[in-house]
Chemist: 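Please find one structure pasted underneath; my questions will follow.
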There are 2 protein chains.
Amino acid sequence: MRRDTKQREAILKLLNNTRSHPTADQIYDEVRADIPNISKGTVYRNLQVLENDGAITVIGINGAQSRYEIKQNSHYHFRCEKCGGVIDLDEPADKGIDKKIATRTGFTVSHHRTEFYGLCKDCQQK
Amino acid sequence: MRRDTKQREAILKLLNNTRSHPTADQIYDEVRADIPNISKGTVYRNLQVLENDGAITVIGINGAQSRYEIKQNSHYHFRCEKCGGVIDLDEPADKGIDKKIATRTGFTVSHHRTEFYGLCKDCQQK
DNA sequence: GTAATTGCAAACGGTTTGCGATCTC
DNA sequence: GAGATCGCAAACCGTTTGCAATTAC
């Protein structure tokens with residue numbers, strides 16, 4: 001049975017209050033302000049539990065560190081190639097394309113992920 | 001200046017003759033048939049050089065090993081969630097969407113990546 | 001009470017890197 | 001001969017895991 005620990009709550013609360021798509025390390029650093037002796041193992045384990053429960057989503061298809069966000073409607077991300085920042089896009093996920101691929105290939109398609117790459121506004125000016 | 005070594009040629013040749021999107025480890029294993037004492041460091045260094053030169057493309061998915069393919073026209077990939085296999089899709093990359101995002105956000109958008117997830121034909125039957 | 005969760009530290013796996021030797025141009 | 005590349009082994013870094021102690025229910 002799933003339990004309610006202050007560690008898990010702190011991680012969820014943090015993710016609920018940010019749009020910055022933090023890495024596990026950033027989460028660890030921030031949560032330590034409240035719970036100084038929390039361990040990284042606990043952070044990783046909780047992120048796994050929360051993902052399995054569908055409470056959060058793991059972002060990233062480019063092999064870098066994983067980033068985490070609260071589960072929300074399916075949407076795309078933009079990744080700045082200079083500063084590494086990840087930004088939510090309004091563009092809604094195109095669900096029709098999954099069916100199109102499924103029909104064409106005979107595969108079962110559950111979902112897709114798209115990430116855009118380029119320079120964010122700040123980084124264009126430097 | 002870039003040199004032409006048998007190690008680099010063997011890696012390129014292997015990638016030219018496969019559609020299997022091998023991992024660095026698989027490349028290492030296969031190339032060792034020809035060059036028994038090639039090292040993993042050399043494989044990784046060459047894959048980096050070849051990527052920088054635009055000769056190959058890295059397919060990176062969070063949490064999984066990187067896979068490599070010969071550079072070709074922009075296209076999407078399907079990853080089977082059961083066997084882990086990566087398959088090229090015919091679906092051409094939608095270039096219009098990059099401009100759409102750029103206009104909407106003010107970001108510079110160089111490209112995007114899309115990956116589909118589900119079950120390939122073989123894995124559906126098991 | 002018992003099973004989930006924790007902190008700690010060690011292990012893991014893919015990838016990178018420092019080195020002195022070797023090879024390509 | 002200069003500089004790129006090599007093989008080797010150690011280091012790196014994000015993540016996972018084993019364990020005994022603690023905690024939620």
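The basis for the numbers below is simple: all heavy atoms, side chains too, and nothing from hydrogens, waters or symmetry mates. This is a predicted model, so every value here is computed, not measured. Per chain, numbering begins at 1; letters A, B, ... match sequence-line order.
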Chemist: Taking only residues two or more places apart in sequence, or in another chain, which ones meet B/Lys40 in a side chain to side chain donor-acceptor pair (under 3.5 Å)?
Modeler: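 With sequence neighbours excluded, B/Lys40 shows a side chain to side chain donor-acceptor pair (under 3.5 Å) to B/Asp25, given in chain and number order.
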Chemist: Enumerate the ring pair (Phe, Tyr, Trp, His ring centres under 6.0 Å) contacts for residues 46-72 of chain B, please, sequence neighbours excluded, ordered by first and then second residue.
Modeler: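 Listed once each, the pairs would be none.
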Chemist: Whole-Å distance between D/dT5 C1' and B/Glu9 CD?
Modeler: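 My rounded result for the distance is 13 Å.
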Chemist: Excluding sequence neighbours, so at least two apart, what forms salt bridge (Lys or Arg N to Asp or Glu O under 4.0 Å) with A/Arg104?
Modeler: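 For A/Arg104, the residues satisfying salt bridge (Lys or Arg N to Asp or Glu O under 4.0 Å) (neighbours in sequence not counted) are B/Glu91.
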Chemist: Got a sec, which residues hit side chain to side chain donor-acceptor pair (under 3.5 Å) with B/Lys13, two or more places apart in sequence or on another chain?
Modeler: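 By the side chain to side chain donor-acceptor pair (under 3.5 Å) rule, B/Lys13 matches no residue at all.
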Chemist: How long is the line joining CD of B/Gln26 and C1' of C/dT15, in whole Å?
Modeler: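 That distance rounds to 16 Å.
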Chemist: Which heavy-atom pair separates A/Ala24 from A/Val43 by the least distance, and what is that distance?
Modeler: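 That would be O-CG1, 3.9 Å.
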Chemist: To the nearest 10°, give me the bend of the helix from C/dG1-D/dC25 to C/dC25-D/dG1, comparing the axes of its five terminal pairs at either end.
Modeler: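 Nearest ten degrees gives 40° for this helix.
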Chemist: Using a 4.0 Å cut-off on protein heavy atoms (strictly under), produce a 5'-to-3' string for nucleotides 9-17 of chain D with B for base contact, S for backbone-only sugar-phosphate contact, and - for none.
Modeler: -----SBBB
Chemist: Scan for ring pair (Phe, Tyr, Trp, His ring centres under 6.0 Å) pairs involving residues 5-25 of chain A, sequence neighbours excluded, and state none if there are none.
Modeler: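 Every pair satisfying ring pair (Phe, Tyr, Trp, His ring centres under 6.0 Å) with a residue in residues 5-25 of chain A: A/His21-A/His77.
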Chemist: Of all residues at least two apart in sequence or in a different chain, which pass the side chain to side chain donor-acceptor pair (under 3.5 Å) check with B/Gln65?
Modeler: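 B/Gln65 satisfies side chain to side chain donor-acceptor pair (under 3.5 Å) with no other residue.
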Chemist: Quick one: does B/His111's side chain get under 4.5 Å of A/Glu81's, heavy atoms only?
Modeler: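 When only atoms from C-beta onward are counted, A/Glu81 and B/His111 do touch, with a gap below 4.5 Å.
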Chemist: Sequence neighbours left out, what passes ring pair (Phe, Tyr, Trp, His ring centres under 6.0 Å) with A/Tyr76? Give chain and number order.
Modeler: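 Checked A/Tyr76 against ring pair (Phe, Tyr, Trp, His ring centres under 6.0 Å); matches are A/His112.
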Chemist: Check side chain to side chain donor-acceptor pair (under 3.5 Å) between B/Thr57 and all other residues, then give those that pass, not counting sequence neighbours.
Modeler: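 Expected list: none.
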Chemist: Separation of B/Tyr28 atom OH from D/dC6 atom C1', in whole Å?
Modeler: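 My rounded result for the distance is 13 Å.
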Chemist: For residues 56-78 of chain B, pull every pair meeting salt bridge (Lys or Arg N to Asp or Glu O under 4.0 Å), keeping only residues two or more places apart or in separate chains.
Modeler: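 Non-adjacent pairs meeting salt bridge (Lys or Arg N to Asp or Glu O under 4.0 Å): zero.
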Chemist: Measure from CD on B/Glu51 to P on C/dT15 and round the result to the nearest Å.
Modeler: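 It works out to 12 Å between those atoms.
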Chemist: Can you check the A/Asn46 CG to C/dG7 C1' distance for me, whole Å?
Modeler: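 Rounding to the nearest Å, CG of A/Asn46 and C1' of C/dG7 are 13 Å apart.
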Chemist: Tell me: CD of A/Gln7 to P of D/dT23, nearest whole Å?
Modeler: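 Between P of D/dT23 and CD of A/Gln7: 9 Å.
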Chemist: Measure the distance from CG on A/Leu50 to P on C/dT5 and round it to the nearest whole Å.
Modeler: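 Going from A/Leu50 (CG) to C/dT5 (P), I get 10 Å.
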Chemist: Calculate the interatomic distance between A/Ile38 atom CD1 and D/dA21 atom P; express it in whole Å.
Modeler: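 It is 21 Å, rounded to the nearest whole Å.
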Chemist: Starting at the 5' end of nucleotides 20-25 of chain C, put B wherever the base has a protein heavy atom under 4.0 Å, S where only the sugar-phosphate does, and a dash everywhere else.
Modeler: ----BS
Chemist: Can you tell me if the side-chain N/O atoms of B/Asn37 get under 4.0 Å from OP1 or OP2 in D/dC8?
Modeler: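 Answer is no, no contact under 4.0 Å.
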